[in-house]
Structures are given as C-alpha cells and as structure tokens.
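Working notes for the structure below.
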2 protein chains.
Amino acid sequence: MTTEGEHLTREERRRRTEAAILASARHAFATSGFERTTIRAVAADAGVDPALVMQHYGSKEGLFAASAAWAEQHESMLTAAPADLPRAALDDLLSRFEDPAGGEAAIALMRSCLTHPVAARVMRDDVMCDRKAAVEAALEGPDAALRAGVFAAVMMGLSMARYLLEVPPVCDATAEELHRVVEPLLRALVEPPTA
Amino acid sequence: MTTEGEHLTREERRRRTEAAILASARHAFATSGFERTTIRAVAADAGVDPALVMQHYGSKEGLFAASAAWAEQHESMLTAAPADLPRAALDDLLSRFEDPAGGEAAIALMRSCLTHPVAARVMRDDVMCDRKAAVEAALEGPDAALRAGVFAAVMMGLSMARYLLEVPPVCDATAEELHRVVEPLLRALVEPPTA
DNA sequence: GAGTTCACTCTACAGCGGTTGACCTTTGCT
DNA sequence: AGCAAAGGTCAACCGCTGTAGAGTGAACTC
C-alpha cells in the first residue's frame, strides 16, 4: 500500500507497513478472536501480501503475541490506600479501554482468553494475578486473598460486559454513572468485613 | 461403541448414541470452544463415525446449538425480595455449574460467547438480559437498570474466573467462602443507594 | 553507475476439517 | 422368509488456511 508519500527511507517504509499490519491485526483479533482471523484477511486489510506478515512476525502466534497486550496498570493501583482502590481500579479500567491502540490490544487479549491457551495464561497469571496482588497488598482481615480475587473477577466481568459482549445497560453507561454504581460495590469488598 | 448390552430396540440404540455424541460434544465445546473442537474429535471420543454426527445434528452449528445451553434460572431469582437476591443469585450460579450435564452445557456456552456470534447473542440477550430483568424487577431507586446490569456482569465475571479461567483464589474457594465474600458485595448493589 | 541488500510479491504446497453420497448391516414388519 | 427402513460406516471431495521458496524491483553503498 504505502500511500503516495515520497522519498521514504527503507526503514521508514518498513516501520509503516509493520505498523499497518499490526493495526489491522489488532483490529481483527479484537473483533473476531484468534481462530477466526486469518493471516490473509489481516494482510488484505493492511494492503499487503500474506507472506509479508509471516516475514515480519514469524507465525500467526507471533502476530497475536505482538497484537494482544495488557499495558501496565496505573501506579495509582499500587499505591492507593484501600479506600481509594475502587476509584483507582475503575479509572484504570476506563482509561485502558478507551486508549485507541492499547484498547484494541486489551480487547484482543480478552476476546481470546477463553479459547486460546497463551491468552488464557497471560490473562490468568499476568492480568488477574497482578490485579489480585495489587489489591491484596492493601487489604487486611480474613479472606484477603479471596476478596482480592473476587475484586479482579468483578473488573473482568465489567470489562467483558461493557467492551466485548456489549450488554445494553453496562455498555451505554457513562463513566460517571459507572463510578456511581460500581464504586460502592467495590468498597464492600475492600472494607474490612464490618461486623 | 454401544457396549455389549443385548437386545436394544432401535430407538433405544439411537437415543444412546445420540446421548453419547452429545456428551462428547459438550465436553469438547466446554473444554476447547467452538472453533477448536472438530467433528472428527467429537465422533472419535464418542466412538462413532464423523458422518453420523452430521446425520444427527445436521451441522457443526447444530451440534453446538444442542450442546451449549443455559438452563432456566431458579424461581428464587424471580421471586426473591431484594434482600434475598444475593443469596439466591449465588445459589443459582453454584448449583448451575456443579450440575454434571448442565454445567458443561453452561461452560460450553460461556467458553465461546466471546468468539461465536450465536453464543454471544444468546449470552447477551437471553442470559444477561434475563438476569438483569430479574434483578431490575426487584430494585428501586435511580440507576436501577444499570445496577441490574452490573449485577449480571459481576455474576458473569465470577463464573468465568471460577470455572473457565480458573483463577487461583476464586476457583479454589468453597461455597461458604464465596457466600461470605460475595454476598456483601452484591448487597451493595441491591440496597438502595444509602446516600 | 554497478552491485548488493532489503522490502515485498507470486505461486505453490500440504494438511486439516466440514460435509456428502454411496454402501453395508441390523432391526422391524408382514 | 423376505422386504423395507433406519442406524451406522467408508471413502472422497473441496475449500480454506498457515506456511515456504523463488523471484522482482527499488533503495542503499561504494
């Protein structure tokens, strides 16, 4: 493809096509999941030959690994006091998915995390356990580990309902509404079990 | 297959092999998702020729439709007072997934609900919206619809973390521990927002 | 300005997987 | 017994998809 821009250095060309391929791949993986996206479709969308995709990323697995990613969680998740955790976690979720590139990468990971072994491992060990650890560190009292795990599960359920399944009331809600409804819920997890 | 039982009527034979195929299919779909399970594998596991599967269920989609299902929710979900909803919902979830056949059918549906169009539709429109409606009917106050939707999202997140992704602290917890940790959380959603 | 390198394309292979139609074999009816 | 029907098998087709290898033309080097 390479629009009619002139005088592109070789490396510049390479970077552009590589970026184009990656963008198409992210979109395809985020939309259709790993199994349903074909190298050919990605290549066509990027205006490129299928074989070129292989040359750049080695294999479909390699392309997926480069496309599906979970950006670092915000520092606020790690440093927040228990009382501030709910807000920090929701902010982290919202900003992560609204980011244009990172959002699709995150969606691509989630989309396949129930059916693709590597995506499942990343989701379980990296995303969920990191989340859990961050929350658990701030918790006290009994069931701290389980409460942290449930915290992570809730965030995952919300993300999937809002961005992947697109369940009506959740995917249409504004950020404010979500804060209003979800934060009290998370607070019930984070606060030491009253009584 | 057809173990060495004697004198089976034709219809009886048919029922048995059909049941064997369905059991294998449920297991395969629940374990690997729609795209990764092959008719051939299902047939082999059931000790049957692949073509027979087609004859019984018409197509892979038909087999999936027969395998992935979401049993009716317990009446308690529909008749519970708001204060009892959390317990009813958790009981519904736990008993649904521990049921030997229904559990795999439910897992099969969830496993593919992010990547298979029909499964996604069923999950969104039937499961989530029914759940939401049941909860919403019991709620009052502002954001009732959204709170009901978030309620459904939380249940989905828990199910996936526990039965599909198998995230450590959540999948190892006993029913009692889950009740102890999750119910207060749901109560925060169900109770009218205490200003 | 000639040769090399590198991005890129074309063509083809090989395997898999859903699906089909012809065939066999046992059951049930008369 | 004999015929029809239904459960079940076998072999094959056909399209798709990941992947590999040879080739091409433009960009860089000297």
Side-chain angles (χ1 to χ4, degrees), chain A residues 1-25 28-29 31-68 112 115-118, chain B residues 1-25 28-29 31-68 112 115-118:
Chain A
M1 102 140 334
T2 66
T3 55
E4 62 281 346
E6 302 294 320
H7 282 307
L8 292 176
T9 172
R10 231 171 8 199
E11 190 181 345
E12 188 61 21
R13 265 183 80 84
R14 181 194 169 92
R15 298 176 77 91
R16 292 209 186 177
T17 56
E18 201 161 273
I21 292 173
L22 198 62
S24 299
F29 285 133
T31 305
S32 316
F34 180 82
E35 344 275 343
R36 287 182 118 88
T37 79
T38 69
I39 300 267
R40 284 172 159 87
V42 169
D45 185 51
V48 153
D49 190 274
L52 190 58
V53 177
M54 301 297 296
Q55 215 160 43
H56 278 298
Y57 295 97
S59 68
K60 190 181 177 184
E61 293 287 345
L63 181 63
F64 181 70
S67 304
S112 296
T115 48
H116 188 286
V118 175
Chain B
M1 94 146 349
T2 64
T3 56
E4 60 280 350
E6 302 294 321
H7 283 308
L8 291 175
T9 173
R10 216 151 45 181
E11 191 181 345
E12 188 62 22
R13 265 183 80 83
R14 181 194 170 91
R15 296 176 79 91
R16 293 211 186 177
T17 56
E18 203 161 269
I21 292 174
L22 199 62
S24 298
F29 283 134
T31 306
S32 316
F34 179 82
E35 343 275 344
R36 288 181 117 90
T37 76
T38 70
I39 300 269
R40 285 171 158 89
V42 170
D45 184 49
V48 152
D49 191 274
L52 189 59
V53 177
M54 302 297 297
Q55 215 159 39
H56 278 300
Y57 295 97
S59 69
K60 189 181 176 184
E61 294 286 346
L63 182 62
F64 181 71
S67 305
S112 296
T115 48
H116 188 286
V118 175

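What you see is a predicted model, and the numbers here were worked out from it, not measured in a lab. Protein chains get the first letters and strands the later ones, always in sequence-line order, with residue 1 at the start of each.
As a whole-Å value, the separation of A/Arg36 CZ from D/dT17 P is 11 Å. The nearest whole Å value for the distance from the CG atom in A/Leu52 to the C1' atom in C/dT9 is 9 Å. Rounded to an integer number of Å, the gap from B/Glu12 CD to D/dG8 C1' is 17 Å. With rounding to whole Å, A/Glu35 atom CD is found 14 Å from C/dG17 atom C1'. One atom, CZ of A/Arg10, and another, P of D/dA26, lie 13 Å apart when rounded to the nearest Å. When the C1' atom of C/dT26 is taken as reference, atom CD of B/Glu11 falls 16 Å away, rounded to whole Å. Protein atom CZ of A/Arg13 is 11 Å distant from nucleotide atom C1' of C/dC6, rounded to whole Å. As a whole-Å value, the separation of A/Ile39 CD1 from D/dA20 P is 11 Å.
Closest contact between the side chain of A/Asp49 and the listed nucleotides D/dT9, C/dC10, C/dG28 involves C/dC10. Between C/dC8, D/dT9, D/dT17, one nucleotide has an atom nearer to the side chain of A/Thr38 than all others, and that is D/dT17. With C/dT20, D/dT19, C/dG18 as the candidates, the nucleotide lying closest to the side chain of B/Lys60 is C/dG18. Closest to the side chain of B/Ser59, out of C/dT19, D/dG18, C/dC8, is C/dT19. For A/Thr9, the side-chain atoms get nearest to D/dC28 when compared with the rest of C/dG18, D/dC28, C/dT9.
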Passes side-chain hydrogen bond (donor to acceptor under 3.5 Å, both in side chains), B/Glu61 versus B/His116? Steps please. CA-CA 10 Å; B/Glu61 294 286 346; B/His116 188 286; 3.0 Å; yes

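Here A/Glu12 contributes atom CD and A/Arg15 contributes atom CZ; the two are 6.5 Å apart, rounded to the nearest 0.5 Å.
Each of A/Ala51 and A/Arg14 was assigned the nucleotide of DNA chain C with the nearest heavy atom; the assignment lying further toward the 5' end belongs to A/Arg14. Nucleotides of DNA chain D nearest to A/Pro50 and B/Gln55 differ in position, and the one nearer the 5' end is that of B/Gln55.
When the options B/Leu63, B/Ile21, B/Val48 are evaluated for a side-chain contact (heavy atoms from CB on, under 4.5 Å) with B/His56, the one that passes is B/Ile21.
Applying the 3.5 Å distance criterion, the base of D/dG18 shares a donor-acceptor pair with the side chain of A/Arg40.
An OP1 or OP2 oxygen of C/dC8 is reached within less than 4.0 angstrom by a side-chain nitrogen or oxygen of A/His56.
Considering every non-hydrogen atom in both A/Ser32 and A/Thr37, the closest pair reads CB-CG2, 3.7 Å. In terms of heavy atoms, A/Met54 sits closest to A/Ile39 at SD-CD1, 4.2 Å.
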